[in-house]
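Working notes, beginning with the structure itself.
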Amino acid sequence: MWRETGQDGVPVLRFDRVSVSFDEVRALNDVSFRVYAGESRVILGAAGSGKTVLLKTALGLIKPDSGRVWVFGQDITEMPESELFAIRARIGVLFQEGGLFDSLTVEENVGYPLENQPSLRCPPDERRRRVEEALRFVELEHTLEKYPSELSGGMRRRVGIARAVVTEPELVLYDSPTAGLDPITAYTIIALIVKERDLRNITTIMVTHRYQDAHFLAGFRWDPATGRLVPAPAGQTRTRFMVLREGRLAFEGTRAELEASRDPYLMKFVRREG
Amino acid sequence: MLDFLKPPVVAVQEFFLLAGRTFRNLFRRPHYAGDIFLQMDTIGVGSLPIVSLIGFFTGAVMGMQMSKALQQYGAVGQTGQLVALTMVRELGPVLTAVVVAGRNAAGMASELGSMKVTEQIDAMRALGTDPVQKLVKPRLIATAVVLPLLTIIADFVGLFGGFVIAYFFLNLSPAQYWNNAWQSLEYLDVSFGLLKPFVFAFVVALTGCYYGLSTTGGTQGVGRSTTQAVVSSIILIFVMNLFITRIYVSL
Ligand SMILES: Nc1ncnc2c1ncn2[C@@H]1O[C@H](COP(=O)(O)OP(=O)(O)OP(=O)(O)O)[C@@H](O)[C@H]1O
Ligand SMILES: [Mg+2]
């Protein structure tokens with residue numbers, strides 16, 4: 001049912017036959033898809049299959065060699081950097097390598113988009129309030145004055161999430177948010193992502209290596225009463241899956257379709273469950 | 001067939017693209033004054049001790065060498081002049097630039113390089129800042145201001161080094177040495193002696209930033225671009241020096 005209502009609107013993100021090459025490597029090869037408002041999208045794929053390049057292309061950080069990219073209905077393919085800032089201000093992003101500025105404190109890091117995005121530019125006292133709020137959301141309000149190098153890997157990831165959501169974006173991109181974390185910390189991170197999604201009904205795109213993460217994003221919702229993740233009725237989370245293989249879109253569809261697939265490459269990702 | 005030429009040609013093209021983008025942004029807001037002063041501090045104050053030290057020893061060595069040559073003509077009294085001319089025209093600008101290249105082109109390449117591989121540069125762009133404005137421009141402005149000043153200091157300390165030799169070993173009087181040194185310098189010597197560090201500043205800052213921003217391949221890549229930044233900027237300093245000196249002698 002949601003698909004019909006969803007597809008009436010303009011996609012939040014749309015790729016149309018996008019290809020990106022680096023020297024000899026075809027990082028993305030003829031990729032087309034649409035993501036609609038309120039949807040969750042899980043992107044799976046082997047190392048080097050182009051997941052990070054896909055997210056960076058969506059942000060306009062990488063220009064496609066061919067094809068077009070639309071974000072919030074605007075064609076960003078040839079948009080100049082100065083205009084892209086207005087689009088990027090509406091997107092939150094957590095980078096795979098963290099991307100936290102190690103010369104700045106946690107407070108300055110989280111406040112960075114509020115201070116620097118030309119379309120946001122909020123005054124210092126409001127900035128401080130919003131930074132504290134975002135850090136309280138990830139339960140790190142006591143680390144304001146610390147530097148990223150003084151935090152653990154999981155804490156840095158949480159600061160990254162705080163920075164991604166501090167601007168109250170309409171779309172959030174998470175690049176491998178649980179990579180390199182132990183299962184308990186990984187669960188904390190995923191719970192935060194689901195919570196952010198459900199509290200504000202945000203379109204969420206998550207790249208991951210762990211099918212477990214996808215399982216939570218697709219099958220659970222944030223319960224405000226208990227403050228925990230609880231199983232969600234089938235289809236309620238509006239989660240769709242994509243699998244990349246050597247830059248090509250090898251699969252796009254629902255979880256049931258992915259799990260029913262007999263393709264050996266796709267089965268590799270699904271079998272990791274449990 | 002000429003495929004092996006492609007990487008260097010692309011690199012040169014990208015270098016000039018970066019230079020062009022920096023110049024276009026030079027007078028455009030925002031200016032990030034805080035970053036400019038921070039860079040002036042690391043480049044200027046940070047390089048001061050080593051630049052002075054090298055200036056002093058170079059001046060002293062020149063004093064000894066020149067006086068030995070001058071002895072044959074019984075013209076030891078001209079030592080001040082030769083030290084002044086070599087320091088101000090060539091050694092002051094080139095040695096200072098080479099020292100700053102070793103310290104700061106390397107520093108810029110490794111700092112920007114690690115920011116590149118940890119996706120901080122991407123984060124900057126995603127969060128509303130232009131890395132050219134925020135990182136390259138302050139470094140370029142700071143180097144362009146500070147390198148000529150460092151060169152002046154190196155020139156003076158070098159002259160002083162020559163004086164120490166002249167006074168203690170050649171028995172020249174202070175007035176003899178300094179008057180001789182001072183009067184030998186012409187307007188053109190001084191202006192070219194200051195034009196050089198200004199040009200070298202662009203070489204050092206832009207090469208350092210270029211190699212930093214084009215880093216790929218993780219921490220290993222950072223080491224690689226640091227080395228390349230130092231090697232390339234030192235070579236470029238000597239090449240540019242030849243061209244500027246060519247203009248100088250034809251005037
Ligand atoms: N800046 C770059 N320069 C050259 N090649 C690149 C660059 N960025 C990515 N690539 C190449 O593009 C391909 C896809 O890279 P990408 O980072 O998107 O992989 P990924 O799916 O995110 O992998 P991982 O799971 O390891 O993060 C790889 O072959 C990579 O080497
Ligand atoms: Mg990746």
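Numbers restart at 1 for each chain; the letters A, B, ... are given by sequence-line order, proteins then strands.
Using a 4.5 Å heavy-atom cutoff, the side chains of A:Phe101 and B:Leu127 are in contact. Residues B:Asp122 and A:Lys56 meet the side-chain proximity criterion, which asks for heavy atoms closer than 4.5 Å. Side-chain contact check for B:Lys134 versus A:Asn116: every heavy-atom pair is 4.5 Å or farther apart.
Near-neighbour residues of residues 213-221 of chain B relative to chain A, defined by a heavy atom under 4.5 Å from a heavy atom of that chain, are none. Interface with chain B: from residues 117-137 of chain A, residues A:Gln117, A:Pro118 qualify, criterion being any non-hydrogen pair under 4.5 Å. Inspection of non-hydrogen atoms places A:Val93, A:Phe95, A:Gln96, A:Glu97, A:Gly98, A:Gly99 of residues 92-99 of chain A under 4.5 Å from chain B. Residues of residues 16-50 of chain B placed with any heavy atom under 4.5 Å of a heavy atom in chain A are listed by number as B:Tyr32.
With chain A as partner, the option from B:Glu119, B:Lys6, B:Met115 having the largest number of non-hydrogen pairs under 4.5 angstrom is B:Glu119.
Heavy-atom neighbours of A:Phe72 CZ from other residues, nucleotides or ligands within 6.0 Å: above the threshold of 12. More than 12 non-hydrogen atoms from other residues, nucleotides or ligands lie less than 6.0 angstrom from CD of A:Glu81. Counting non-hydrogen atoms of other residues, nucleotides and ligands closer than 6.0 Å to CD of A:Glu246 gives a total of 12 or fewer. Around OH of B:Tyr248, the count of heavy atoms belonging to other residues, nucleotides or ligands within 6.0 Å exceeds 12.
In terms of modelled atom types and a separation under 3.5 Å, the side chain of B:Arg125 and the main chain of A:Leu61 share a donor-acceptor contact.
Looking at B:Val10, neither its backbone nor its side chain comes within 4.5 Å of chain A, counting heavy atoms on both sides. With a 4.5 angstrom heavy-atom cutoff, A:Thr52 touches chain B only via side-chain atoms. Proximity to chain B involves both the backbone and the side chain of A:Asp102, based on heavy atoms less than 4.5 angstrom apart.
For the residue pair B:Thr129 and A:Tyr112, the shortest heavy atom distance occurs at OG1-OH, 2.8 Å.
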